[in-house]
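Written below as structure tokens is the structure these notes are about.
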Amino acid sequence: MYLTRKLKLGRTDQLDRLARRAGDLWSKITAWHWRFVDRQGYWLSKGQAQKMYCKGFDGLHSQSAQAVADSFYDSLQSWREKRESGNYEGLRPPYKQKRHFKVQWKSAAIRLRDDGVLRLSNGRGNDPVLIDWPSDRQPKRVEIGWDGDQYELRCQYKIEEDEKPKGTKTAGIDIGEIHLAAVRSGDESWTVNGRELRSLRRQQNRTKARLDSKIDRKERGSRRWKRLARAKDRQLSKIRNQIKDLLHKQSTRLVKTLHERRVGTVVVGDLKGIRESIGYRSKANQKLHQWAYGEFARMIEYKARLCGMTVERASEAYTSQTCPSCGSRQKPHGREYVCGCGFEGHRDLVGATNIRKRYLGQDEPQGSSLRVAGEGPKRSVMASPTGVRYRPHMRTEPPGSEPQRCNPATAGKTSTEPKGSCGQAGRPVG
């Protein structure tokens, strides 16, 4: 498994030059690719573009130059796949030229020195980028890009999943909007509360609407307009960081609970493509389109694998509508699922139970029975779940990772930063 570590670098003349050279190469590849298409009806391949425009490109390492072409053709391929599937309305291929672009290094250009300095080569005759790296692991791939305020180092390094799970239980997870996750493992069940996340989303929407209203009343480009635009970016960035921090804490707590309950296999409901089928009122649509189910599921997946657990995906189709006791199907009303056979339970836990059954191959026809916790002779009542909440002092790093530090030392001229800051604002890259 590969993990990504990030480090704030501030802003230096050397990083500006590298980002500018990468932007020049992107623009060159983009312009000539579409010239070939327009004039000759011929689509250059990635190998041809690398040979024609990346070889011998001054100012970048040869593999960094090739990585720029890789990024262009990956973006182009993604657009072509969406076009072939018919799901590309409003999407355009990469055609714009860029003044700046992210700089990437592959393993051959990366070396971790004995003194703890990460050396990133920029080709013969160019000064390398030197960074004080707070880890003894050499990354396999490095990228430096602009995060909106300063340059940011993103390093990918391989980590071994050598920790073994405590048990062999299988847990089904239903990702939700009110409850971030509902989990069912045997006779145990618990939920992850998502109301704090909903509160942050409401705050985000109110802040954006309030500042947009003020910005619209100012003349575009005026001093007051720029001041309000900066305030909007600053406040929304803070809320986005709070949302990301909350998702990390909730997912870490959930995975820790799974590990303690001796779960060896985690089955997560697959919600791919759900946004395309959303068609409710504007307020409900806004909530569902801002639903961070993909990011939360991704966090659960990689953190569970770090704990040695196997992660699988299963379709969520009709899992919240199917009775786990008799197999009949009906739409629930409210948060409780009530079936004509007498079964009652939390609708999200019903979904988690059916996701687990689907993975285990226990999809049963109507009329079959499944014993659940709390089942009596006349009716079945699913036991109430245990709540899983985060606490403010919880760590946000996944198990086995090291805390991050912000202590860069680059070869070029570094920016002067106040105490407690990780950089200064500047122009965006790409």
Side-chain angles (χ1 to χ4, degrees), residues 165-167 169-204 239-271 274 287-288 290-307 309-314 316 319-320 324 332 334-337 345-356 359 373 382-399:
K166 291 183 177 180
K169 293 182 180 180
T170 300
I173 299 181
D174 179 83
I175 305 295
E177 197 263 333
I178 294 178
H179 294 95
L180 279 176
V183 186
R184 182 73 174 179
S185 175
D187 292 338
E188 296 180 304
S189 59
W190 54 94
T191 60
V192 178
N193 190 282
R195 296 192 180 274
E196 178 71 17
L197 178 60
R198 298 182 78 191
S199 176
L200 289 172
R201 287 295 188 193
R202 287 195 294 268
Q203 181 184 354
Q204 183 184 41
I239 298 174
R240 284 194 299 269
N241 290 336
Q242 290 174 337
I243 290 173
K244 187 175 182 180
D245 179 71
L246 175 64
L247 291 174
H248 270 296
K249 288 176 178 177
Q250 293 279 37
S251 57
T252 299
R253 179 60 177 167
L254 174 58
V255 171
K256 184 178 179 181
T257 303
L258 291 169
H259 192 60
E260 291 173 349
R261 301 294 176 88
R262 300 183 179 278
V263 172
T265 303
V266 179
V267 187
V268 183
D270 190 1
L271 290 166
I274 190 174
K287 288 182 180 180
L288 294 175
Q290 291 182 334
W291 184 12
Y293 63 87
E295 183 69 9
F296 190 64
R298 185 190 64 82
M299 290 179 180
I300 293 175
E301 186 172 352
Y302 86 81
K303 291 177 183 181
R305 286 178 175 170
L306 286 177
C307 290
M309 290 182 272
T310 302
V311 182
E312 302 289 346
R313 291 294 185 109
E316 278 204 3
T319 53
S320 295
R335 305 312 305 167
E336 292 297 319
Y337 182 95
H346 192 288
R347 73 181 281 182
D348 293 337
L349 289 180
V350 168
T353 301
N354 287 323
I355 288 172
R356 179 176 178 271
Y359 170 75
M382 182 177 286
S384 299
T386 301
V388 177
R389 295 175 179 265
Y390 84 98
R391 292 188 293 274
H393 65 273
M394 279 187 177
R395 58 185 294 177
T396 57
E397 296 83 5

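A donor-acceptor distance shorter than 3.5 angstrom exists from the side chain of T353 to the backbone of L349, with no hydrogens or angles considered. Side chain of E188 to main chain of V183: no donor-acceptor pair is present (N/O by atom type, distance under 3.5 Å, no hydrogens or angles). A donor-acceptor pair is defined here as one N or O able to donate and one able to accept, closer than 3.5 Å; no such pair exists between the side chain of D245 and the backbone of N241.
With rounding to the nearest 0.5 Å, the separation of CG in L180 from CZ in R198 is 10.5 Å. Between I355 atom CD1 and D270 atom CG the span is 9.5 Å, to the nearest 0.5 Å. Atom CG of residue N193 and atom NE2 of residue H179 lie 6.0 Å apart, to the nearest 0.5 angstrom. Atom CG of L197 is separated from atom CD of Q242 by 11.5 Å, given to the nearest 0.5 angstrom. Atom CH2 of residue W190 and atom CG of residue L254 lie 8.0 Å apart, to the nearest 0.5 angstrom. If you take CG on N354 and CG on D174, they are separated by 9.5 Å, rounding to the nearest 0.5 Å.
A salt bridge does not link E295 with K244: every distance from a Lys NZ or Arg NE/NH1/NH2 to an Asp or Glu carboxylate oxygen is 4.0 Å or more.
Side-chain atoms of V268 and E301, non-hydrogen and from C-beta on, never get closer than 4.5 Å to each other. The shortest side-chain heavy-atom distance between E196 and Q250 does not fall under the 4.5 Å cut-off. D348 is not listed as a side-chain neighbour of T191, based on a closest heavy-atom distance of 4.5 Å or more. Annotation: side chain of Y302 is not in contact with side chain of V255 (no heavy-atom distance under 4.5 Å).
The two atoms that bring V267 and A314 nearest to each other are CG1-CB, 3.7 Å, heavy atoms only. Shown here for R356 and S185, the closest heavy-atom pair between the two residues is NE-CA, 4.3 Å. Among all heavy-atom pairs drawn from G351 and S320, the shortest one is CA-OG, 4.0 Å. Taking both residues in full, the closest heavy atoms of P332 and Y337 are given as CB-CD1, 3.8 Å, listed atom of the first, atom of the second, then distance. Between A352 and A182, the shortest heavy-atom contact is CB-O, 3.2 Å.
Between K303 and S251, the side chains place a donor N or O and an acceptor N or O closer than 3.5 Å (distance only, hydrogens not considered). Judged by distance alone, the side chains of R201 and Q204 do bring a donor and an acceptor atom under 3.5 Å apart.
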